[in-house]
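This report concerns only the one structure given below.
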Amino acid sequence: MEYNFQEIEKKWQAAWDKDGVYKVSNKSDKKPYYVLDMFPYPSGAGLHVGHPLGYIASDIYSRYKRLQGFNVLHPMGFDSYGLPAEQYAIQTGQHPEVTTNKNIARYIDQLKKIGFCYDWDRQVKTCDPSYYKWTQWAFLKMFNSYYDTTLQKAQPIAKLVAEWEANDPTWKTLSEKEQQQRLMNYRIAYLSDTKVNWCPELGTVLANDEVSEGLSVRGGYPVEQRVMRQWSLRVSAYAERLLNGLDKLDWTESLKETQRNWIGRSEGAEMVFKVQRDKVPSTKENDELSMTIFTTRADTVFGVTFMVLAPESEYVSRVVTDEHRAEVEAYLDRCKNRTERERIADRRVTGVFTGAYAINPLTQGEIPIYISDYVLAGYGTGAIMAVPAHDSRDYAFAKHFNLPIIPLIEGADVSEESFDAKEGKMMNSGFLNGLEVKDAIRTMKEHITNTGIGHVTVNYRLRDAIFSRQRYWGEPFPIYYKDDMPYALPEEALPLELPEIKEFKGVNGQPPLANAKDWTYNGYPLELCTMPGFAGSSAYYLRYMDNHNDEALVSKEANEYWRQVNLYIGGTEHATGHLIYSRFWNKFLYDLGYVCEDEPFKKLINQGMIQGRSNFVYRYIGEGAKGNLYISYNLIDNPEYKDKVQPIHVDVNIVKNDILDIKAFRNWMPEYKNAEFVYSDGTTDEDNPYLGTPAEKQYICGWAIEKMSKSMFNVVNPDDVVAQYGADTLRLYEMFLGPLEMSKPWDTNGIDGVHRFLKRLWNLYENITDDEPTRDELKTLHTLIKKITWDIENFSFNTSIPAYMIAVNELTAAKCSKRAVLEVISVLLAPFAPHIAEETWHRCGHDTTVCDAEWPKCDESLLVESTVNYPVQFNGKVKFTLSLDKSLSKEDVEKAVLADEQTQKQLAGNAPKRVIVVPGKIVNIVI
RNA sequence: GCCGCGAUGGUGGAAUCGGUAGACACGAAGGACUUAAAAUCCUUUGGCCAGUGAUGGCUGUGUGGGUUCAAGUCCCACUCGCGGUACCA
């Protein structure tokens with residue numbers, strides 16, 4: 001019988017579906033294990049071959065855990081709100097929900113063909129009202145909570161109000177609006193005028209992690225800074241906990257490090273500098289004016305030669321002198337109009353003098369105050385003390401404006417550049433002189449605290465997450481406005497469903513929801529913005545635990561059973577977005593007692609990206625070129641073609657092993673219909689006028705590794721691979737490609753090898769017998785058990801495939817088709833290639849599913865060799881191999897080796913200086 | 001600039017605790033079967049050298065040093081590539 005993978009895979013996928021083999025219950029005596037994939041955004045292009053990489057890995061692990069006797073939760077869903085569907089709606093008028101559902105159906109179809117063991121009953125969709133009800137619910141909880149800095153956790157805002165009612169006499173005197181305004185400073189979800197990343201092209205604001213190098217991550221459009229009234233989440237309140245929580249997690253060091261950098265904790269000091277107006281006789285008012293700065297280098301106060309304010313700093317208007325006002329305003333104007341991208345691209349030093357001076361609290365010297373956009377308003381206090389000798393940015397500024405540079409560290413040469421390193425002995429620094437930098441920092445901090453000119457503090461880079469998007473296709477805020485202040489909808493009003501609209505583009509600078517009819521609550525206008533993409537993905541892992549629950553996001557019982565995600569697999573691109581927001585969201589729910597674990601994802605593995613491998617043909621553009629002559633890749637460096645060819649992307653689906661399918665190429669696009677070739681042997685079509693293209697003529701294509709994208713014609717669709725080779729081959733091959741965490745190009749060149757392996761495995765069953773397996777066969781089997789178990793535990797899936805191949809090759813060579821051996825192999829293979837494993841399991845005579853089998857245990861005694869082959873080295877070089885009894889002790893091995901004839905020959909009568917015996921491994925003799 | 005990761009045959013990669021580098025697969029070359037092709041199977045395959053031959057010798061994991069009886073693996077310095085991040089004081 002042939003290995004008919006199409007029939008087998010279809011049959012089992014239908015059977016699994018029908019019997020509900022992968023349905024998971026929340027009630028079980030088995031131990032729970034939760035394996036999660038980062039759910040995809042269902043794009044219109046469908047899955048390409050790179051997407052399933054992580055899903056295959058998680059599927060292998062899920063199936064393995066199940067075979068080990070765990071109750072495994074392994075769900076899949078869709079992050080279905082997002083920009084592309086909305087952009088498409090704006091262009092075509094097609095409702096985003098229609099395209100989204102179509103794409104989801106396609107995704108499910110593609111995923112099912114690969115044979116994943118998802119429990120589809122637990123599917124979630126972020127755009128489904130029954131789901132986003134809980135996104136809105138969580139938002140309301142955040143709106144109605146504040147972060148208690150003493151308890152270090154979120155608390156109901158009612159507690160704060162009660163406290164003010166009792167202890168703050170001014171509270172009762174405030175108007176309702178004033179009370180709301182005051183509360184807004186505490187809410188975890190709050191509305192404020194903030195400087196935001198505004199993307200004019202997309203017509204919306206973006207979070208910091210959605211912007212890269214001044215361009216939007218989605219679409220790559222320019223982003224500018226703008227002050228707008230926006231919702232934010234007080235993520236920064238959780239900075240310390242987000243940082244400390246990392247220590248308990250089983251994530252890669254590099255990912256934790258990325259998050260640590262993003263959170264950006266820095267210890268330093270805030271210091272107060274008094275301001276003195278330029279030569280103007282000081283008034284009482286001016287004497288009291290002071291500025292607070294933040295620095296991590298308190299030790300360098302003696303070298304401060306000027307100060308710099310961020311253009312947006314509130315100090316600016318207060319210190320600027322009349323004389324310099326016009327100049328300053330011109331500069332502020334210029335800064336305001338620059339986009340983020342321009343600011344990043346143009347690193348030239350700019351700035352302006354305010355006319356004001358500050359007093360150095362230690363030297364009492366006068367120092368000028370400048371304004372420059374290299375100081376950021378959002379970090380620290382938006383004001384710095386500049387120490388040009390020991391900070392490269394201050395140095396550049398000082399050089400540009402000809403300000404003094406005072407070196408503070410012995411031996412530091414600051415004639416060409418600043419000395420930024422935190423090492424060396426202090427000088428020019430009063431009482432710090434002679435101290436090492438680290439000690440000087442500590443001493444100065446003590447001094448600052450003791451003299452009251454400042455205090456020690458910690459700053460974080462992590463900002464609050466901007467939570468408003470001026471878009472249609474997202475969760476509506478459960479918020480209405482009264483007297484221009486936001487109020488929460490009652491919980492009973494949830495879900496607040498997204499209204500139908502006809503025009504998806506915002507009008508007159510208003511978000512699209514302004515186009516909705518009757519977008520009001522009890523006559524009050526509802527919020528027009530919607531929530532960002534990360535809203536729906538921040539707690540989806542909780543919803544999977546109990547996705548049909550109408551009463552709660554997740555019931556207490558379900559949550560306490562599954563607790564947290566044991567294994568999470570996804571890409572690194574979410575390191576500073578989703579993986580921060582989810583942790584924040586989870587900690588918030590934890591504070592309020594809705595979930596029982598304060599971290600959502602215990603172990604996390606990042607699968608690498610699968611890049612595209614593009615193919616090229618080379619069009620001749622030299623003399624007499626007709627535009628349709630193509631030169632084989634191996635010839636393009638020949639003198640007659642060198643620099644006279646132009647590489648053109650060619651569809652990788654009509655290239656096999658870098659050999660172009662000539663016929664398919666001519667049919668590919670009209671312009672290639674009459675293509676002519678110079679083949680790899682240098683002959684052309686004209687040399688073979690009557691033969692068309694002879695089979696032995698080959699046109700070799702060049703190749704390059706690029707991103708997988710339509711425009712490069714290097715997209716490979718998993719459906720095509722499944723149709724041609726089967727899902728099991730695809731699964732094995734994706735794992736075989738290389739280590740899971742590594743990025744690697746998709747290259748179909750090796751897939752035949754994996755497919756051949758499955759065929760050989762299949763053929764083993766053709767001569768199946770019930771004879772007792774031999775010891776050799778059992779040894780092969782148990783070696784495999786040991787290896788596969790180790791590999792799966794350690795996510796080293798790529799090394800498992802060779803192990804399977806070796807085992808099958810050995811059994812084939814031994815003509816072994818013992819039922820007892822083969823049925824165990826089908827269990828071992830079930831995580832990787834479930835369809836062929838299931839079929840084989842049944843062919844061996846079982847009528848239960850292989851998923852309910854038990855993972856085999858390795859019988860170590862079968863692996864034990866009675867003898868060991870010791871390579872005998874002399875001075876590290878192997879001279880010969882000696883077969884010795886395994887049970888020999890280290891000393892006996894040494895004796896046996898020394899007594900050996902060959903050893904004596906090598907020693908030639910000399911006594912060895914040293915003999916090193918590594919039991920079971922090697923013997924080295926030093927002579 | 002800073003942080004992280006990586007570099008092994010023609011190619012993807014293996015070597016899991018410092019112990020015979022190149023497993024397994026692709027590709028290539030040769031062969032068997034076949035009218036032929038496909039499919040399948042067998043042999044060879046890091047480089048150099050010697051030998052009719054089995055085989056033997058040398059060399060070899062980005063570069064240069066070091067530790068060690070022994071280094072792809074550990075240490076120091078560097079080169080290149082990839083990813084993240086950035087006027088974060």
Side-chain angles (χ1 to χ4, degrees), chain A residues 2 209 212-213 252-258 260-262 264-266 268 293-297 300 308 310 343-344 347 349 372-376 378-387 390-394 396-397 420 459-463 572-573 575-576 606 608-609 611 613 657-659 695 703 705 733 736-739 741-754 756-757 759-760 763 787 790-791 793-794 796 798-806 809 812 869-878 881 912-918 920-927:
Chain A
E2 280 255 312
D209 72 285
S212 176
E213 306 201 339
T252 59
E253 253 337 287
S254 81
L255 186 67
K256 287 195 212 177
E257 208 44 42
T258 305
R260 286 189 191 112
N261 290 341
W262 187 261
R265 183 181 200 274
S266 54
I293 59 94
F294 174 75
T295 180
T296 54
R297 291 294 301 271
T300 59
V308 188
R343 202 175 64 83
I344 290 167
R347 285 286 180 95
V349 176
S372 175
D373 65 358
Y374 85 83
V375 175
L376 305 177
Y379 186 78
T381 60
I384 62 155
M385 62 177 211
V387 187
H390 302 291
D391 182 289
S392 51
R393 296 151 303 177
D394 297 345
F397 195 86
D420 291 13
N459 241 302
Y460 297 92
R461 208 189 76 116
L462 185 72
R463 312 283 168 79
T572 13
E573 66 272 22
T576 53
N606 289 122
M609 292 249 279
Q611 299 135 305
R613 187 179 187 276
N657 292 341
D658 294 333
I659 309 293
W703 57 272
I705 306 303
Y733 186 59
F736 183 59
L737 223 41
E741 308 84 351
M742 244 171 60
S743 281
K744 57 235 158 195
W746 176 261
D747 179 355
T748 322
N749 287 351
I751 198 165
D752 289 311
V754 172
R756 275 198 277 267
F757 152 69
K759 277 196 215 167
R760 276 198 292 270
N763 289 334
K787 170 76 178 150
W790 192 94
D791 279 349
E793 297 278 5
N794 293 281
S796 178
N798 56 319
T799 56
S800 291
I801 287 85
Y804 288 122
M805 289 178 178
I806 291 166
N809 285 349
T812 308
N869 291 326
Y870 282 93
V872 181
Q873 300 179 339
F874 288 84
N875 286 344
K877 296 210 171 175
V878 182
T881 305
K913 274 190 204 149
R914 218 176 129 190
V915 181
I916 299 133
V917 177
V918 183
K921 294 224 165 149
I922 205 158
V923 177
N924 190 39
I925 299 171
V926 187
I927 48 177

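Worth knowing before you read on, the calculation uses all heavy atoms, side chains too, and leaves out hydrogens, waters and symmetry mates. Lettering follows sequence order; numbering is per chain, from 1. Keep in mind the model is a prediction, meaning the values are calculated, not measured.
Following rounding to the nearest Å, A/I916 (CD1) and B/A71 (C1') show an atom-to-atom distance of 15 Å. With rounding to whole Å, A/D394 atom CG is found 13 Å from B/C88 atom C1'. Rounded to whole Å, atom P of B/G13 lies 13 Å from atom CD of A/E741. In this entry the distance linking CZ of A/R914 with C1' of B/A70 reads 10 Å, nearest Å. Taking atom OH on A/Y804 and atom C1' on B/A14, their separation rounds to 17 Å, with Å as the unit. For the pair A/L462 CG and B/U85 P, the computed distance is 14 Å after rounding to whole Å. Taking atom NZ of residue A/K744 and atom C1' of nucleotide B/G81, one finds them 18 Å apart after rounding to whole Å. Between the C1' atom of B/C87 and the CZ atom of A/R393 lies a distance of 6 Å, rounded to the nearest Å.
Residue A/V918 is in base contact, counting any heavy-atom pair closer than 4.0 Å across all strands shown. Residue-level contact check: A/L737 touches the backbone only, with heavy atoms under 4.0 Å from sugar-phosphate atoms and none from bases. Among the protein residues, A/P739 comes within range of the sugar-phosphate backbone only, with heavy atoms under 4.0 Å from sugar or phosphate atoms but none that close to a base. Heavy atoms of A/D747 sit nowhere under 4.0 angstrom from any nucleic acid atom. Using a 4.0 Å heavy-atom distance criterion, A/K913 is classed as making no nucleic acid contact.
A/F736 pairs by the ring pair (Phe, Tyr, Trp, His ring centres under 6.0 Å) definition with nothing, not counting sequence neighbours. The salt bridge (Lys or Arg N to Asp or Glu O under 4.0 Å) check on A/R297 picks up A/D299, with sequence neighbours excluded. A/R260 pairs by the salt bridge (Lys or Arg N to Asp or Glu O under 4.0 Å) definition with A/D247, A/E253, A/E257, not counting sequence neighbours.
Taking the six-membered ring where the residue is Trp, A/Y733 and A/W746 present perpendicular rings, their angle passing 60° and hence far from 30°.
Taking atom P on both nucleotides, B/G27 is separated from B/U11 by 15 Å, rounded to a whole Å. For the P atom pair drawn from B/C17 and B/G12, the interatomic distance equals 24 Å after rounding to whole Å. If you take atom C1' in B/G62 and the same atom in B/G81, they sit 10 Å apart, rounded to whole Å. Across the P atoms, B/C80 and B/C24 are found 37 Å apart, a figure rounded to whole Å. Comparing the same atom, P, in B/U43 and in B/C26 gives a spacing of 14 Å after rounding to whole Å. Comparing B/A21 with B/G60, their P atoms sit 12 Å apart, to the nearest whole Å. The same atom, C1', is picked in B/G53 and in B/U63; the two are 41 Å apart, to the nearest Å. With both ends at atom P, the span from B/U79 to B/A71 equals 26 Å, rounded to whole Å.
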*asked:* Please determine whether side chain to side chain contact (heavy atoms under 4.5 Å, CB included) holds for the pair A/M385 and A/T300, giving the CA-CA distance in whole Å, both sets of side-chain angles, and the decisive distance to 0.1 Å.
replied: CA-CA 9 Å; A/M385 62 177 211; A/T300 59; 3.6 Å; yes
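For B/U40, the OP1/OP2 oxygens have a side-chain nitrogen or oxygen of A/K759 closer than 4.0 Å. Remark: A/R297 is not in phosphate contact with B/A89, judged by side-chain N or O atoms under 4.0 Å from OP1 or OP2. Phosphate proximity of B/A89 to A/S266: present, with a side-chain N or O under 4.0 Å from OP1 or OP2.
Each of A/S796 and A/Y379 was matched to the nucleotide of RNA chain B holding its nearest heavy atom; the match closer to the 5' end belongs to A/S796. Map A/M385 and A/S743 each onto its nearest nucleotide of RNA chain B; the residue landing nearer the 5' end is A/S743.
Both key distances under 3.5 Å define a Watson-Crick or G-U pair, and stretches of 3 or more such consecutive pairs in RNA chain B run B:1-7 with B:79-85, B:10-12 with B:24-26, B:27-32 with B:40-45, B:46-50 with B:55-59, B:62-66 with B:74-78.
No side-chain donor-acceptor contact under 3.5 Å links A/T881 and A/N869. In the model, A/D420 has a side-chain atom that pairs as donor or acceptor with a side-chain atom of A/S392 under 3.5 Å.
We find the CD1-NZ distance between A/I925 and A/K877 to be 16.0 Å, quoted to the nearest 0.5 Å. Here A/Y804 contributes atom OH and A/T799 contributes atom OG1; the two are 10.5 Å apart, rounded to the nearest 0.5 Å.
Checked by atom type and distance alone, the side chain of A/R461 pairs as donor or acceptor with a backbone atom of A/W262 at under 3.5 Å. With A/N459 contributing its side chain and A/S266 its backbone, the two residues share no donor-acceptor pair below 3.5 Å. Using modelled atom types, one side-chain atom of A/N924 and one backbone atom of A/G876 make a donor-acceptor pair closer than 3.5 Å.
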*Contact state string [nucleotides 20-29 of chain B, B base, S sugar-phosphate only, - no protein heavy atom under 4.0 Å]*: B--BBSSS--
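Annotated as syn: B/G9, whose O4'-C1'-N torsion sits within 90° of 0. Base orientation at B/C74 is anti, since its O4'-C1' glycosidic dihedral falls outside 90° of 0.
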Strictly under 3.5 Å: I want the nitrogen or oxygen pairs between protein and nucleotides 1-10 of chain B, one per line.
none

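Taking the side chain as every heavy atom from C-beta outward, A/Y374 and A/I384 approach each other to under 4.5 Å. Using a 4.5 Å heavy-atom threshold, the side chains of A/S796 and A/N798 count as touching.
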